[in-house]
Amino acid sequence: MPSKNKSYLKSESLKIVGHGKLKGSIEISGAKNSALVLLAASLLTNEKIILENVPWLTDIEKMINILTNLGVKLVNKNNKIEIDSRNISIKELPFELVNGLRASFFCIGALLAKFGEVQIPLPGGCNIGLRPIDEHINGLKKLGAEIIIEEGIVKAKLKREREKLYGTNIKLTCPSVGATETLIMAASLAQGRTVIQNAAREPEVQDLCQMLKKMGAKIYDSGKETIIIDGVNELHGCTHKVIPDRIEAGTFLIAAAATSSSITISPVIPNHLEAVIHKLRETGSLIMIRDNSITIYGKAIKAVDIETAPFPGFPTDLQAPFTALMTIANGESKITETIFENRMNHIHLLNKMGACIKLDQNTAHIKGVQNLNGMDLVGSDLRSSAALIIAAIMAKSTSRIFGLEHLDRGYENFESKLSRLGIEIKREFHKKILIEKEYKLDSQVIKTSEFKAA
Ligand code: UD1
């Protein structure tokens, strides 16, 4: 569980003993990216939504704070959240809460459709590129919104004399996950039919459509490139279980492949992981799929090339962990990032550990080495932190990975799951709050019990 005391976040690290092997089975949590958008979608109804299998993560906490600030009542117990949006009074999202959580911007479609106006600061998020919002804005304008951006605030309202958004044809320039979700939510309460072409097909988009359909939305062909939505007058309450996190699942499979280990993960939806399973099999791993569980038997690692792509292609969110795996493969591999322009933050850190990677813009050319060396390093975004942890498990000696504020955004109980699989891993709390430049300074480690008392 991530620390609640934010001022201490930067002074935490994971101490990982290298040459680890994973053994046994673990449970995969609910999907972060689904849960975030489903929380936003709950704003579309005045009736109660019950979300099950919600992972407990700092990104989810941030989204809950944003909804609470709008006047939503949330009751949260054992990964189950009851959401009551009846009494929303505010339609402005405060900058301090929105900053750092890109997904909070996805509330724009729901709030605009329900209230006819909304003001949201431009979103923050992971340090992995520009991540513009033009697809969201252009689509909402086509649905009948007037939108201006003033001093960093996106101000959206219905065109004069309009009581609702109205259905239209929208062709996305790129199949943005967030924009597809924003527009589906907005179109659900619009007047008439909306057709979204070049829509994202990610499982999280499909999960959103499943929940909206339970709420009474009329959505056809989710999971295809063209989605059709017939707007309805109102949406109702429902109970919905968040799908398993395919990125968490993929991260554990990659960790097992990287350490020639055998583990079983469940629950998963295997066809959400097809591209990843295919590539892991190419590296030499044996993979068995049975219902909602996957068992991997890691073997000697062959080098393979990957290129990230929208679903059903290889997910950009697993590019960094897969790069860590390729550092010790037999042979040379080429990894190309095509979705984000700045998602190679892990390369120079893996090189520090002894990897042999040449970066040419968004392509990493990797020559496999025998071993990596343990080190103290700082993760700079969510998935690069996961990559460093996998590298630390593979390495010859002990490592400390800092920057856990990124990891805690997206992996529920990561270290306790790894520990259950047999990895020697421990969260340490340092007395000094380290600033970025100081991460590598020696710092006195204190016991967890002392930290809790502080
Ligand atoms: C979501 C996921 C993230 C994942 C990404 C791609 C959530 C909370 N996050 O992010 O984990 O890595 O999908 O699978 O669900 N773009 C534009 N204009 C826009 C929107 C996006 O040009 O209006 C570009 C982005 O800069 C990026 C690409 O499209 O290069 C993909 O972004 P998008 O699919 O929107 O990612 P997110 O929804 O932010």
Side-chain angles (χ1 to χ4, degrees), residues 30-41 54-55 57-60 62-63 66 98 100-109 120 122-142 147 149 154 156 170-186 196 198-209 225 242-243 245-248 250-251 272-273 275-276 307-322 336-345 362 381-387 406-407 409-411:
K32 166 182 87 82
N33 290 346
S34 265
L36 286 170
V37 73
L38 297 177
L39 283 165
V54 179
L57 302 164
T58 54
D59 266 11
I60 301 288
K62 281 186 198 166
M63 193 64 155
I66 288 167
V98 167
L101 181 64
R102 180 174 165 87
S104 59
F105 192 74
F106 305 172
C107 293
I108 191 171
I120 303 193
L122 287 166
C126 241
N127 314 321
I128 56 173
L130 288 171
R131 307 184 85 176
I133 49 156
D134 53 323
E135 301 283 354
H136 302 245
I137 302 286
N138 294 339
L140 290 173
K141 280 183 176 167
K142 285 206 86 179
I147 302 182
I149 303 178
V154 180
I170 301 168
K171 186 165 185 184
L172 296 177
T173 315
C174 68
S176 155
V177 174
T180 304
E181 293 169 343
T182 292
L183 299 174
I184 289 171
M185 286 187 271
I196 306 175
N198 198 23
R201 290 180 283 164
E202 268 65 7
E204 296 75 21
V205 176
Q206 297 177 42
D207 202 24
L208 169 68
C209 292
E225 269 174 17
V242 178
I243 54 169
D245 196 314
R246 65 194 168 103
I247 305 301
E248 188 202 6
T251 305
H272 291 174
L273 283 151
V276 181
E307 191 168 310
T308 60
F311 189 83
F314 192 94
T316 170
D317 287 349
L318 287 173
Q319 178 263 112
F322 203 89
T336 308
E337 173 58 51
T338 70
I339 309 288
F340 290 107
E341 71 276 16
N342 184 21
R343 205 168 207 185
M344 289 292 187
N345 302 327
N362 266 343
D381 65 69
L382 171 55
R383 307 302 171 186
S384 78
S385 300
H406 301 296
L407 187 82
R409 289 185 42 221
Y411 288 93

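If you read the sequence from its start, that first residue is 1, and numbering goes on from there. Atoms within each ligand, like the ligands themselves, are counted from 1 in listed order.
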Asks: Evaluate Phe340 for polar contact with ligand 1, using N/O atom pairs at a separation under 3.5 Å.
Replies: no
Asks: Do the non-hydrogen side-chain atoms of Met185 and Val37 ever get within less than 4.5 Å of each other?
Replies: yes
Asks: Under a 3.5 Å threshold, yes or no: a donor from one side chain and an acceptor from the other, between His406 and Ser385?
Replies: no
Asks: Out of Thr173, Ile247, Asp59, Asp317, who gets a non-hydrogen atom closest to atom 3 (C) of ligand 1?
Replies: Asp317
Asks: Which is it for Glu181 and ligand 1 at heavy atoms under 4.0 Å: side chain, backbone, both or neither?
Replies: neither
Asks: Contact between Glu204 and ligand 1, counting heavy atoms under 4.0 Å?
Replies: no
Asks: Hey, looking at atom 39 (O) of ligand 1, which of Arg383, His136, Arg102, Glu135 has the closest heavy atom?
Replies: Arg102
Asks: Without swapping roles, check the side chain of Ser104 against the backbone of Leu101 for a donor-acceptor pair under 3.5 Å.
Replies: yes
Asks: Could you tell me which non-hydrogen atom of Ile243 sits nearest to which non-hydrogen atom of His272, and how far apart they are?
Replies: CD1-CE1, 4.0 Å
Asks: So that I can tick it off, tell me whether Asp317 and Arg343 are bridged by a salt bridge, with the cut-off set at under 4.0 angstrom between side-chain N and carboxylate O.
Replies: yes
Asks: With backbone taken as N, CA, C and O and side chain as the heavy atoms from C-beta onward, which portion of Cys174 lies under 4.0 Å from ligand 1: side chain, backbone, both, or neither?
Replies: side chain
Asks: Would a distance-only check, ignoring hydrogens and angles, find a side-chain to backbone donor-acceptor pair under 3.5 Å from Glu337 to Thr308?
Replies: no
Asks: For atom 25 (C) of ligand 1, which of the options Ala103, Ser176, Pro132 provides the nearest non-hydrogen atom?
Replies: Pro132
Asks: For Arg343, is the nearest heavy atom under 4.0 Å from an atom of ligand 1?
Replies: yes
Asks: Could you say whether the N/O atoms of Ala179 and ligand 1 ever approach to under 3.5 Å?
Replies: no
Asks: Is the His136 ring parallel, tilted or perpendicular to the Phe105 ring (thresholds 30°, 60°)?
Replies: perpendicular
Asks: Below 4.0 Å, non-hydrogen atoms only: which portion of Thr316 touches ligand 1? Side chain, backbone, both or neither.
Replies: side chain
Asks: State plainly whether the residues Glu204 and Lys32 are in salt-bridge range, i.e. N to O under 4.0 Å.
Replies: no
Asks: What do we get for Phe106 next to ligand 1 when only non-hydrogen atoms under 4.0 Å count, side chain, backbone, both or neither?
Replies: side chain
Asks: Which of the numbered atoms in ligand 1 are under 4.0 angstrom from any heavy atom belonging to Gly178?
Replies: 35 (O), 38 (O)
Asks: How does Met63 reach ligand 1, by side chain, by backbone, by both or by neither, if only non-hydrogen atoms under 4.0 Å count?
Replies: neither
Asks: For Leu172 and Ala199, work out which heavy atoms get closest and say how close.
Replies: CD1-CA, 4.1 Å
